[in-house]
Amino acid sequence: WSQLLAHKAQSDPSLLCPSCSPNVCAVQKLIGTNRKYFTNCKQWYQRKICGKATVISYECCPGYEKVPGEKGCPAALPLSNIYETLGVVGSATTQLYSDRSNLRPEIEGPGTFTIFAPSNEAWASLSAETLDSLVSNVNIELLNALRYHMVNKRVLTDDLKHGTTLNSMYQNLPIQIHHYPNGIVTVNCARLLKADHHATNGVVHVIDKVISTTTNSIQHIVETEESLETLRAAVAASDLNSLLESEGQYTLLAPTNEAFEKIPREMLNRILGDPEALRDNFFLNHHILKSAMCAEAIIAGLTMETLEGTTLDVGCSGEELTLNGKPIIANKDILLLIPDSAKTLFELAQESEVSESMNLFRQAGLSSHLTGSERVTLLAPVNEVFKDKRPTVDSNMRNLLLNHIVKDQLSSKYLYHGQKLQTLGDKELRVFVYRNNLCIENACIAAHDKRGRFGTLFSVDKMLTPPTGSVMDVLKADHRFSTLVAAIQSAGLMENLNRPGTFTVFAPTNEAFQAMPQGELNKLMGNAKELASILKFHMADEILVSGAVSALVRLKSMQGDKLEVSMKNHVIHVNKEPVAESDIMATNGVIHAVSSVLQPQASRPQERGDEPADPALEIFKQASALSKVKGKNTPVYSRLLAKMKENSGGF
C-alpha cells in the first residue's frame, strides 16, 4: 500500500499529504533506529530527523480502513472503549497492564477519560528493576503508575497548549505539557507518537515513554544526585538555590563531576574561585535555559536563550544531542559549557580565527595582559592577514602589538565615530563608523566581538598601523612623495595639511608626476592657482579608509568635485585608477598612494596671465630634467628637496 501510494504520488501530489487523502497517516522512520514520527502536511522535517534521512511510509490512520477503488482510507471503523482502543493503536502492553492492575473495568465503563498510553517499545525500554517493582505489586504501584497517565476529561491535541499543566488521576499530581513550534508535543518530556484516537469514553494518545511524577524541583535533583557534587557546590556559592527551587519553566544543562574534571584545572579553579563571577552567575546562568526544553522535541537546530542573556545552539546528530555543535556526553545534560563571560582573552581566541595573532602576543611576552584581571580590549588580526608571511617578533613588533591592546573593556556596539581609544603602547586610536563597517584606524572589525571575564576580543581584518605624525609629516618622511611635497608647498597648502583635521589624501607618487607630459607639467607647476586646484581635487575633508569601500563611494573633494572611490578585486580605485598603497595613517587623516595625477572631468587649463612667477617653478623644471637620469631617483629628489629648503627657508 505504501509503495503504491508513493508511486501514485508522482502523478497526484495530493497523495503525499495526509489531509488531502482521506484518513491516511504519513510515518517517518529514522533509518537504523526504531524512532517513528507520525506527521502531517506542516511537519515534514525536510525528510530528516537530527540530520539523518528518514523513510516515508503511509498507512490508514487508526480507526479507518481502505475501500477498494477509493482514495485513502475512507471507511470509519466503529468506536470502541478506551481498553479496546489501546490494542488497536499499538499499546497492547498498556492494555495488558490495565487488565492486570484491575484498571480495565474503569476504562471500559462509562465516563470521559484521556490516557497518555506508553507504546509497547516504551514499556520494553524500562529497566528490569523498575519493571519488576511495578508488576510485583500490580494493585498499588502499577495501578498508580497507570492512573498517573490519565486525566479525568477528554483532552485533544488542540487543547495541549505549551506550558500548560493537567491534573492526573493519581492524587491530582501535575502532568506538564509542552507544544513546540516544530509541532512536537511532549507529556512530561515523553513525545506524543499518535494523537487523538477517539474512544466511546474518551481519547487515547500514544507516547514514547513511561512517564513518572514531577514532584521534585531542579534544586532537589542537584542536591540528591551523587554525580552533581561539584555543580552543587558551585550552585551554593553562586546563590542560585532559590532560583532552582522556584516555580517556573527552566532547563538545566547540568554538568556532572566528570564534566568538571575535563576542564583544565587552572581555568576551573579561576572560575570557581572568582566570587564576583559566581555572584553575578556568569558561569552557571550559561547552563540554564529560560524555558523547558525536552530532548525529544529537538529534531533540528534550535537557538535557545540562557539566563545570562546569551544564546546556545541546541541541536542533534543522529541519536546524540549537541550544544554549539558539540555532542552532549550522557543523559542528555552533562556537557560543561564555559561561557565567554568567564574566559580569558587567550581562551576566547581558541574559538576564533586569530591563532596566529595570539602566537605573536605570546612571543612578544604580552601574555600577562591577556590572562590577568586587567580590563582591556584586544584587536587581533585574523589568520588570513598572515597567510603570505608571518612577521618576526622584535622590539618594533612588540611595540606595535602593544598598540593592539586598548585600555578598558569595550563593546563594539557602543563605539562611536571619532571616539579616541588609548592603547597600552601610549598611542591614541580613532574609531570610524561607516555604513558597512566599523574600523579602528585602518583595521576594521571582521567578526562579532567576544566579551570575556576581563577582556573583549575584536577580530580585525588587518594589522593596525597607528599614526605617527600629520599628513605632511608622513609625506615628507616618504621619498616616494618628494615631488608632491614640493607641489603642496608651492601651492600654499602645507599649513593646511599640518593642522588638526580629518583629511583623506590620494597622494600622487613621484612616478605619477613623471608620467605627465613635460609641457603640461611645466604649465601646471607654473600656475599656483591651478596647481592648488588640482591638489585639492586629491583631498577630501573626511577620513575614508579602504575598509569603508565595498562598492562605490562618492567623496567630495576639497576642490568641490566628487571623487568616485570603488573596490575591485580587493584593490581600492579612485576615479577608476588603482591605488598603489592604501591606508597610510596620519594623526589628521589618511593617505592613499596613487600612480597617476587625477584630473577633474570638467578641468580646463587656466592661463597664467600676469601672475607673478612662482619661485618654485625653476625647481620643478630641474626635477623634470633630473628625474630622467636613469637609476638616480633618490639622489635627484634629495637635491630637489635641498634646493626647496634654500628657497623657502625650510619646511
Side-chain angles (χ1 to χ4, degrees), residues 442 471-472 474-476 478-494 496-497 501-586 588-608 614 616-617 620 623-624 627 637:
N442 61 302
V471 167
M472 283 310 305
V474 174
L475 292 175
K476 289 178 187 178
D478 192 327
H479 69 87
R480 294 177 298 171
F481 303 117
S482 55
T483 305
L484 175 62
V485 169
I488 289 172
Q489 184 187 15
S490 178
L493 299 177
M494 183 175 291
N496 193 45
L497 295 180
T502 54
F503 302 109
T504 294
V505 177
F506 293 96
T509 61
N510 297 333
E511 288 75 12
F513 285 103
Q514 293 170 23
M516 293 181 66
Q518 190 64 49
E520 185 179 331
L521 178 62
N522 292 343
K523 189 174 183 179
L524 175 64
M525 296 306 182
N527 188 331
K529 185 176 180 181
E530 183 180 351
L531 179 60
S533 178
I534 290 293
L535 292 178
K536 285 181 178 180
F537 183 63
H538 290 72
M539 305 172 188
D541 200 12
E542 60 180 284
I543 294 177
L544 185 75
V545 298
S546 61
V549 183
S550 57
L552 176 66
V553 177
R554 302 192 75 207
L555 193 64
K556 185 177 180 180
S557 72
M558 295 174 66
Q559 175 259 1
D561 289 347
K562 293 289 182 69
L563 294 165
E564 292 190 349
V565 187
S566 59
M567 184 71 71
K568 297 177 182 177
N569 299 322
H570 307 291
V571 176
I572 191 172
H573 288 64
V574 56
N575 289 5
K576 299 182 180 181
E577 295 292 333
V579 168
E581 182 182 351
S582 61
D583 299 332
I584 306 170
M585 305 308 295
N588 59 346
V590 61
I591 298 167
H592 304 292
V594 292
S595 300
S596 61
V597 177
L598 306 175
Q599 298 286 342
Q601 289 184 351
S603 176
R604 293 288 186 273
Q606 298 181 16
E607 295 297 329
R608 290 186 61 195
D614 193 316
L617 178 59
F620 279 109
S624 177
S627 65
Y637 288 110

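Bear in mind the structure is a predicted one, so any value in this text is a computation, not a measurement.
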K.L.:
Please assess Met472 against Ile488 for the test side-chain contact (heavy atoms from CB on, under 4.5 Å), listing each intermediate value before the final yes or no.
P.N.:
CA-CA 9 Å; Met472 283 310 305; Ile488 289 172; 3.8 Å; yes
K.L.:
Of the non-hydrogen atoms in Val597 and Ala512, which two are nearest, and what is the gap between them?
P.N.:
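Smallest heavy-atom distance, with atoms named: CG2-O, 3.8 Å.
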K.L.:
Determine yes or no for a side-chain-to-main-chain donor-acceptor pair under 3.5 angstrom, with Asn588 supplying the side chain and Phe503 the backbone.
P.N.:
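Pair absent, no side-chain N/O of Asn588 close to backbone of Phe503.
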K.L.:
Can you measure from CG (Leu475) to CE (Met494) and round to the nearest 0.5 angstrom?
P.N.:
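If I round to the nearest 0.5 Å, the distance is 9.5 Å.
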K.L.:
Taking the side chain as every heavy atom from C-beta outward, state whether Val565 and Phe506 have any atom pair closer than 4.5 Å.
P.N.:
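They are in side-chain contact.
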K.L.:
Are any of the side-chain heavy atoms of Thr502 and Asp541 separated by less than 4.5 Å?
P.N.:
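Counting from C-beta outward, Thr502 and Asp541 do come under 4.5 Å.
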K.L.:
Look at the side chain of Asn575 and the backbone N and O of Glu577, then say whether any donor-acceptor pair between them is shorter than 3.5 Å.
P.N.:
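The answer is no, because no donor-acceptor pair under 3.5 Å joins these two groups.
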K.L.:
Heavy atoms, side chains only, cut-off 4.5 Å: are Met516 and Gln599 in contact?
P.N.:
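In contact.
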K.L.:
Can you name the nearest heavy-atom pair linking Pro508 to Leu484, along with the distance?
P.N.:
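Closest approach of Pro508 to Leu484: O-CB, 3.8 Å.
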K.L.:
Roughly how far, to the nearest 0.5 Å, is the CE atom of Met567 from the CG atom of Leu552?
P.N.:
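Reported value, rounded in 0.5 Å steps: 12.0 Å.
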K.L.:
Working to the nearest 0.5 Å, report the span between NZ of Lys523 and CD of Gln518.
P.N.:
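Here the rounded value is 14.5 Å.
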K.L.:
So which heavy atom on Leu535 is nearest to which on Ala487, and how close?
P.N.:
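Looks like CD1-O, 3.5 Å.
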K.L.:
Kindly say whether Val590 contributes a backbone atom to a donor-acceptor pair with the side chain of Thr504 at under 3.5 angstrom?
P.N.:
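Side chain of Thr504 to backbone of Val590: no pair is present.
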K.L.:
Taking all non-hydrogen atoms of both residues into account, name the closest pair between Leu493 and Ala532 and its distance.
P.N.:
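That closest heavy-atom pairing would be CD1-O, 4.2 Å.
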K.L.:
How about His592 and Asp583: do any of their side-chain heavy atoms sit closer than 4.5 Å?
P.N.:
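The answer is yes, as the side chains (C-beta and beyond) meet within the 4.5 Å cut-off.
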K.L.:
When you compare the side chain of Met558 with that of Asn496, does any pair of heavy atoms fall below 4.5 Å?
P.N.:
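With C-beta onward as the side chain, the pair touches.
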K.L.:
Answer yes or no: is there a side-chain heavy-atom contact under 4.5 Å between Val549 and Leu544?
P.N.:
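In contact.
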K.L.:
Kindly indicate whether the side chain of Glu581, heavy atoms from C-beta on, has any atom under 4.5 Å from the side chain of Ile591.
P.N.:
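No - every pair of side-chain heavy atoms lies 4.5 Å or more apart.
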K.L.:
Going by the rule ring-ring contact (aromatic ring centres under 6.0 Å, His included), which residues pair with His573 if we only count those two or more places apart in sequence or in a different chain?
P.N.:
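So His573 forms no ring-ring contact (aromatic ring centres under 6.0 Å, His included) with any residue.
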K.L.:
Roughly how far apart are Glu511 CD and Arg480 CZ, rounded to 0.5 Å?
P.N.:
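It comes to 9.0 Å.
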K.L.:
How many angstroms lie between CZ in Phe513 and OG in Ser595, if you round to the nearest 0.5 Å?
P.N.:
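The OG atom of Ser595 is 12.0 Å from CZ of Phe513, to the nearest 0.5 Å.
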K.L.:
Search all heavy atoms of Phe537 against all heavy atoms of Lys562 and return the closest pair with its distance.
P.N.:
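Smallest heavy-atom distance, with atoms named: CE1-O, 4.0 Å.
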K.L.:
Using side-chain heavy atoms (C-beta onward) and a distance below 4.5 Å, is Val545 in contact with Ser582?
P.N.:
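No, side chains not in contact.
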K.L.:
Does Asn510 use its side chain to pair, donor to acceptor, with the backbone of His479 at less than 3.5 Å?
P.N.:
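Judged by distance alone, yes, a pair lies under 3.5 Å.
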K.L.:
Using modelled atom types only, decide if a donor and an acceptor are shared between the side chain of His538 and the backbone of Leu598 within a distance under 3.5 Å.
P.N.:
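Present.
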K.L.:
Can you name the nearest heavy-atom pair linking Asp561 to Pro600, along with the distance?
P.N.:
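Closest pair (atom of Asp561, atom of Pro600, distance): OD2-CB, 3.4 Å.
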